[in-house]
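A quick write-up on the structure given underneath.
Below, read A as the first sequence line, B as the second, and so on, with proteins coming before strands; counting in each chain starts at 1. If you're wondering where the values come from, they're calculated on a predicted model, not measured in any experiment.
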Amino acid sequence: MSSNDVTYALCDVNSFYVACERLFRPDLKDKPVIVLSNNDGCAIAMCDFSKSLGIKIGTPYFQIKSLLKRHNIEWFSSNYGLYGDISQRFNWVLQQFTDKVAPYSVDESFLMFQGFSGDLTEHCQNLKQTVNQWLSLPICVGLGPTKTLAKVANYYAKKHKQSTNGVVDLRSQKNRQWALEHLAVENIWGVGRRLSQKLKLQRIDTAWDLHNCDYKTLQRMFSVNMERTILELRGQPCFEFHQHPQAKQSILNSRSFGNPITNKADLKEALAYHATRCCEKLRKQSSLANSIQLFLRTRHSDHPQATLSLTEPSDDTSLFLQAIEQGLNRIYRPDQVYKKAGVMLLGIEPSKGYQADIFNQTRQRPELMESLDTINAKFGKDAIKFGSLGFDKRWAMRANARSPHYTSRWNDIIRLK
DNA sequence: TCTGGGGTCCTAGGACCC
DNA sequence: TCTGGGGTCCTAGGACCC
């Protein structure tokens, strides 16, 4: 089968976080809603009405506070437990329509159709309707011969929801040219603010302009990714389709503090917490890491940082906690005010097949880690934990309006009276 | 006063080696 | 005093994505 038979579909939930918040709150169906980032810092998702007021993604909460009140807009702290669970259900529905589903982010997935006989547009209309019926999520679908063109199609489906009924097909050359001619270069997937500025200096203003460029020249001027984007705009697939999540090459956990911190003991607890979460993610993907980086952020936007290597790769939380303590001693300054802390694991490799160094005296306790994970999976996060995590979480972030974890915590299940 | 978090990939430049 | 060239590996920083 030639690659000409391959079509990609990008399915994306409209205002996903807002849609999730509305799921269990039918009273919010026609009411404006926005969702704030972690720590209730800024707006990260909103309904069309809020957009029409000029609120942009990333606007700080304090700047829109009065606007929200004036227009009676309901706002929520983000609830990633809920969004993650709904996302899984979304992908499950997509799998009823093709066995080739590649989740791309929490709210969008690529599908691949190969040698599909029948009307693909109709199939996707059907898919869209099913997602809406089963999960009550509004989605848009873009079809194209490459992922980049499917993204372009999705852009138009979202922009013209009414006239397209939420599905746009850019497989034909004629539709494609029109779509690219009317698409500003900054709206192409992979072309951000900086690159579009530079492209415009070269008089490359639209996706069609970029499509017609000499890709070798632009590869030299920019990078291989620019070359790939151009080829994808011409219908030649360059970006891979990963059906299964790839093992992460770095694992990061970080949070801003609810209130600024100066105390070393509090910082240590926060870092221990982040290291614990990182190690859980590491074990979940069956990997080992050989180094850990901890970083702090002060009021003055500088970020002291320390990277420590283990004597051999490990997934044992306690080894990383020891490293944290050493690292913090190196970078902590009592006269500083800290806003944020984080931990990153690096040098990641699969644990399967790892040849342990027989001369290494470091304790590795896979059974202990496994028991820890099993207990916490059953009884909830940190049901059992290392003492260095502490108990009072004085550093915890703000989340003043978080909705219940309707689908993932027994205590949060809706009760009917 | 208050501005998120978690990733990927690419490139440039320095260290080091032969 | 003169002091090459090519390769690899690592890291930091930048750009992008959602």
Side-chain angles (χ1 to χ4, degrees), chain A residues 10-17 34-45 55-66 68 76-80 83-84 87 102-110 147-148 151 154-155 158 185-199 218-229 238-240 242 245-260 270 273-274 277-278 281-282 285 290-291 293 295 297 299 301 303 305-307 309 337 339-348 396-400 402:
Chain A
L10 178 66
C11 304
D12 150 306
V13 183
N14 309 334
S15 307
F16 179 60
Y17 296 171
I34 82 165
V35 178
L36 300 181
S37 65
N38 270 327
N39 219 25
D40 296 342
C42 54
I44 51 167
I55 305 174
K56 298 257 182 305
I57 302 284
T59 313
Y61 170 63
F62 73 91
Q63 285 179 10
I64 50 175
K65 202 169 165 183
S66 58
L68 299 183
F76 289 91
S77 307
S78 29
N79 181 347
Y80 293 104
Y83 311 150
S87 178
Y104 173 64
S105 73
V106 69
D107 70 332
E108 59 190 281
S109 292
F110 285 101
K147 289 166 85 175
T148 303
K151 272 276 193 183
N154 185 276
Y155 171 87
K158 234 189 280 181
V185 85
E186 64 265 27
N187 292 323
I188 302 170
W189 186 40
V191 179
R193 200 168 44 87
R194 289 305 186 91
L195 286 178
S196 60
Q197 279 172 1
K198 289 184 187 166
L199 287 170
L218 267 78
Q219 188 253 309
R220 280 191 296 274
M221 283 173 66
F222 297 95
S223 75
V224 296
N225 275 337
M226 185 61 85
E227 175 185 10
R228 290 180 187 139
T229 297
C238 296
F239 297 127
E240 283 188 56
H242 292 296
Q246 306 290 293
K248 306 273 183 258
Q249 297 166 41
S250 64
I251 292 177
L252 185 127
N253 215 80
S254 70
R255 286 287 179 282
S256 298
F257 303 133
N259 295 300
Y273 175 87
H274 296 312
R277 298 285 90 81
C278 283
K281 294 180 196 171
L282 184 70
Q285 68 167 38
N290 70 21
S291 53
Q293 183 175 90
F295 60 89
R297 192 144 303 173
R299 272 209 180 137
S301 80
H303 36 287
Q305 158 238 312
T307 308
S309 296
V337 177
K339 286 168 47 179
K340 177 175 176 172
V343 165
M344 179 153 48
L345 299 184
L346 302 157
I348 292 176
M397 67 177 182
R398 278 188 293 270
N400 290 328
R402 177 140 67 206

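Candidate nucleotides C:dC18, C:dC16, B:dG6 were compared by shortest atom distance to the side chain of A:E108, and C:dC18 ranks first. In this structure, the nucleotide among B:dC2, C:dA15, C:dC18 sitting nearest to the side chain of A:W189 is C:dC18. Out of C:dC16, B:dG6, B:dC10, the shortest distance to the side chain of A:L252 is found at B:dG6. Side-chain atoms of A:Q305 lie closest to C:dA12 of the nucleotides B:dG6, C:dA12, B:dT8. For A:Y80, the listed nucleotide lying nearest its side chain is B:dG4; candidates were B:dC2, C:dC18, B:dG4. Comparing atom distances between the A:R255 side chain and each of B:dG6, C:dA15, B:dC10 picks out B:dG6 as nearest.
If you take CZ of A:F295 and P of B:dG7, they are 11 Å apart, rounded to a whole angstrom. In this structure, the NZ atom of A:K198 is 11 Å from the C1' atom of B:dT11, given to the nearest Å. Here the P atom of nucleotide B:dC10 and the CE atom of A:M221 are 19 Å apart, to the nearest Å. A:N38 has its CG atom 13 Å from the P atom of B:dT3, to the nearest Å. Here the C1' atom of nucleotide C:dC9 and the CG atom of A:L346 are 16 Å apart, to the nearest Å. A straight line from CE of A:M226 to C1' of C:dC17 spans 15 Å, rounded to a whole angstrom. As a whole-Å value, the separation of A:H274 NE2 from B:dG7 P is 13 Å. In this structure, CD of A:Q249 is placed 14 Å from P of C:dC10, rounded to the nearest angstrom.
The aromatic rings of A:Y104 and A:W189 sit perpendicular to each other, their planes meeting at more than 60°, with 30° as the lower class boundary.
Using a 4.0 Å heavy-atom cutoff across all strands shown, A:I57 reaches no nucleic acid atom at all. At a threshold of 4.0 angstrom between heavy atoms, the contacts of A:N253 are confined to the sugar-phosphate backbone, with no base atom among them. As judged by a 4.0 angstrom heavy-atom cut-off over every strand, A:V106 is placed among residues making no nucleic acid contact. Using a 4.0 Å heavy-atom criterion, one finds that A:K340 contacts the sugar-phosphate atoms exclusively. Within the nucleic acid shown, A:Y61 has no heavy atom closer than 4.0 Å to any nucleic acid atom. Counting any heavy atom pair closer than 4.0 Å across all strands shown, A:R228 reaches sugar-phosphate atoms only and no base atom. A:K56 comes within 4.0 angstrom of nothing in the nucleic acid, heavy atoms only. A:L195 comes within contact range of the sugar-phosphate backbone alone, with a heavy-atom separation under 4.0 Å but no base atom that close.
Within the 4.0 Å cut-off from OP1 or OP2 of B:dG7, at least one side-chain nitrogen or oxygen of A:K281 is found. Distances shown here put every side-chain N or O of A:S223 at or beyond 4.0 Å from the OP1 or OP2 atom of C:dA15.
Remark: the backbone N or O of A:E240 is paired with a side-chain donor or acceptor of A:K147 at under 3.5 angstrom. Remark: the backbone N or O of A:F257 is paired with a side-chain donor or acceptor of A:N39 at under 3.5 angstrom. No donor-acceptor pair under 3.5 Å is formed between the side chain of A:R297 and the backbone N or O of A:H303. Checked by atom type and distance alone, the side chain of A:S78 pairs as donor or acceptor with a backbone atom of A:L36 at under 3.5 Å.
Checked by atom type, the side-chain pair A:S291/A:Q293 shows no donor-acceptor distance below 3.5 Å.
Base pairing of C:dC18: its partner is B:dG5, meeting the Watson-Crick or G-U wobble criterion (both donor-acceptor distances under 3.5 Å).
Between A:S256 and A:R299, the residue whose closest nucleotide on DNA chain B is further toward the 5' end is A:R299. For the pair A:F62 and A:N225, both in contact range of DNA chain B, the more 5′-proximal nearest nucleotide belongs to A:F62.
Only the P atoms considered, B:dT3 is 25 Å distant from C:dC17, to the nearest whole Å.
Here CG of A:D40 is found 5.0 Å from CG of A:N400. Values are rounded to the nearest 0.5 Å.
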